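Below you'll find the structure, written out as structure tokens, and then a few comments.
Computed from heavy atoms alone, side chains included, the values below leave out hydrogens, waters and symmetry copies. These numbers were taken from a predicted model, which means no experiment stands behind them. Just so it is clear: chains get the letters A, B, ... in the order the sequence lines come, proteins before strands, and each one is counted from 1.
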2 protein chains.
Amino acid sequence: MAPVNTILDRKLVFHSLGAVSEGLRMAEATCQQRGLQFTEIRRSVLECMWQSGQPIGAYELLRMLGQKFGRPLSPPTVYRALEFLQEQGFVTRIETKNAFVPCAFPDRDHACVFFICDQCGNSFEVQNAKAEALFEEDAGNLGFRIDKRVIELQGACASCLSLEATGN
Amino acid sequence: MAPVNTILDRKLVFHSLGAVSEGLRMAEATCQQRGLQFTEIRRSVLECMWQSGQPIGAYELLRMLGQKFGRPLSPPTVYRALEFLQEQGFVTRIETKNAFVPCAFPDRDHACVFFICDQCGNSFEVQNAKAEALFEEDAGNLGFRIDKRVIELQGACASCLSLEATGN
DNA sequence: GCACGAAATGTTATAACGTTGCATATCGAA
DNA sequence: TTCGATATGCAACGTTATAACATTTCGTGC
Ligand SMILES: [Zn+2]
Ligand SMILES: [Zn+2]
Ligand SMILES: [Zn+2]
Ligand SMILES: [Zn+2]
């Protein structure tokens with residue numbers, strides 16, 4: 001029990017290619033379960049984001065989808081898909097980059113905590129239940145009701161740091 | 001000692017009018033100490049922000065300063081002032097609002113933690129050293145070096161909640 | 001005071017991001 | 001198949017932020 005909780009509380013997920021089909025399947029199943037349409041566009045947007053492995057902007061998605069569909073799409077199309085995916089918890093907006101990433105734990109209610117590398121652009125999602133509790137405590141002292149939490153930690157990732165140390 | 005640390009770690013500051021002149025004086029003194037120019041524009045931008053009491057956008061600042069100076073200013077003017085004020089730690093950008101607020105603790109190295117009310121727009125800054133330590137621990141596990149921390153908690157503030165409960 | 005480099009600001013244009021409003025098409029259930 | 005609800009197409013516009021280059025102001029040494 002203890003190790004399980006530890007893993008869940010402090011899980012670490014790389015947005016890697018291996019997770020693409022898994023992420024899509026999960027989203028599709030959830031939509032079916034909720035009676036919502038997992039349309040071609042919505043699927044494609046989510047797929048691009050899983051494949052990318054880093055936060056990706058709306059207009060870059062627009063270009064990628066234009067390629068994929070063989071015709072130009074317009075901004076509202078992408079923004080509407082992103083809105084849907086965010087509402088369903090499949091996608092989180094990265095405020096510091098005006099960009100979007102798939103959520104690594106769409107099945108759990110949590111504060112997404114992102115580590116974002118300024119050099120390679122990769123992002124890593126973590127959960128930290130203890131930190132959530134601390135903020136909830138602050139909120140209690142303020143009489144504040146928290147609806148949404150944005151936690152984005154920027155800096156340099158392990159691989160960029162090691163490159164920096166060795167290769168210069 | 002213990003109570004003092006407690007206060008500093010979990011201090012709560014309302015961006016109230018009372019702090020305007022204090023905030024400006026402190027910024028001016030710090031600039032002098034660092035051999036930097038606290039120019040009319042920089043001062044005016046910071047003053048508007050302290051007076052506002054809530055996150056304020058660059059283009060709204062632009063309009064306010066246009067009024068104040070009796071001539072239209074251009075975006076780069078305001079953005080350059082904001083950049084300077086951020087570099088000096090006097091101002092923090094609120095990523096979720098594309099807006100800016102004065103930092104409540106410009107003299108301390110810390111992660112600014114903001115509670116932002118969606119209804120009245122007011123923001124409250126807090127420090128939470130324990131949460132900072134937890135994220136640092138996560139970073140250690142990832143081999144990640146944190147350079148910048150963005151923590152923004154959105155929801156409803158105490159006064160808005162009480163209004164909601166009573167007056168409807 | 002004057003010369004000079006550094007810092008700050010002025011100015012114009014444009015990039016990047018996001019939304020509104022309305023028309024059309026598609027879906028899902030009666 | 002009809003009909004309301006949902007999703008998409010499309011054009012225009014609004015907001016936020018930056019690039020590039022000219023000009024002014026500041027601070028220092030002469
Ligand atoms: Zn998440
Ligand atoms: Zn990296
Ligand atoms: Zn602060
Ligand atoms: Zn409020």
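Listed nucleotides C:dC27, C:dG10, D:dA17 differ in distance to B:I41; the shortest reach to its side chain belongs to C:dG10. Residue B:Q37 has its side chain nearest to C:dA7 when only C:dA7, D:dA17, C:dG10 are considered.
Rounded to an integer number of Å, the gap from CZ of B:F69 to P of C:dA8 is 16 Å. The CZ atom of B:F38 sits 15 Å away from the C1' atom of C:dA8 (whole-angstrom rounding). The separation between A:I94 atom CD1 and C:dA16 atom P is 20 Å, rounded to whole Å. The nearest whole Å value for the distance from the NZ atom in A:K97 to the P atom in D:dA17 is 14 Å. Between the C1' atom of D:dG9 and the CG atom of A:L62 lies a distance of 13 Å, rounded to the nearest Å. For A:I56 and C:dA16, the CD1 to C1' distance is 15 Å, given to the nearest whole Å. Taking atom CD of residue B:E60 and atom P of nucleotide D:dG14, one finds them 18 Å apart after rounding to whole Å. Residue B:E40 contributes atom CD, which lies 16 Å from atom C1' of D:dT24 at whole-angstrom precision.
Counting non-hydrogen atoms of other residues, nucleotides and ligands closer than 6.0 Å to CD of A:Q67 gives a total of 12 or fewer. Within 6.0 Å of the CD atom in A:Q32, the count of heavy atoms belonging to other residues, nucleotides or ligands does not exceed 12.
Using a 4.0 Å heavy-atom criterion, one finds that A:S74 contacts the bases of the nucleic acid, with or without backbone contacts as well. A:R80 comes within contact range of at least one nucleobase, with a heavy-atom separation under 4.0 Å.
Put simply, A:R93 has a side-chain N or O that comes within less than 4.0 Å of OP1 or OP2 on C:dG18. Listed pair B:T39 / C:dT9 meets the phosphate criterion, a side-chain N or O lying under 4.0 Å from OP1 or OP2. Look at B:N98 and you'll find a side-chain N or O under 4.0 angstrom from OP1 or OP2 of D:dA17.
Checking A:A81 against A:P76, the closest nucleotide of DNA chain D that is more toward the 5' end is the one next to A:A81.
In this structure, CD in B:E136 is found 7.0 Å from CZ in B:R149, a value given to the nearest 0.5 Å.
Stacking is not found between B:Y79 and the pyrimidine-like six-membered ring of the D:dT18 base under the 5.5 Å centre-distance and 30° plane-angle cut-offs. Taking the 5.5 Å centre cut-off and the 30° plane limit, the aromatic side chain of A:Y59 is classed as stacked on C:dC17.
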| Candidate pair A:Q154 and B:D147, rule side-chain hydrogen bond (donor to acceptor under 3.5 Å, both in side chains), full reasoning | CA-CA 6 Å; A:Q154 298 176 283; B:D147 294 328; over 6 Å; no

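Using a 4.0 Å cut-off between charged nitrogen and carboxylate oxygen, A:E22 and A:R25 count as a salt-bridge pair.
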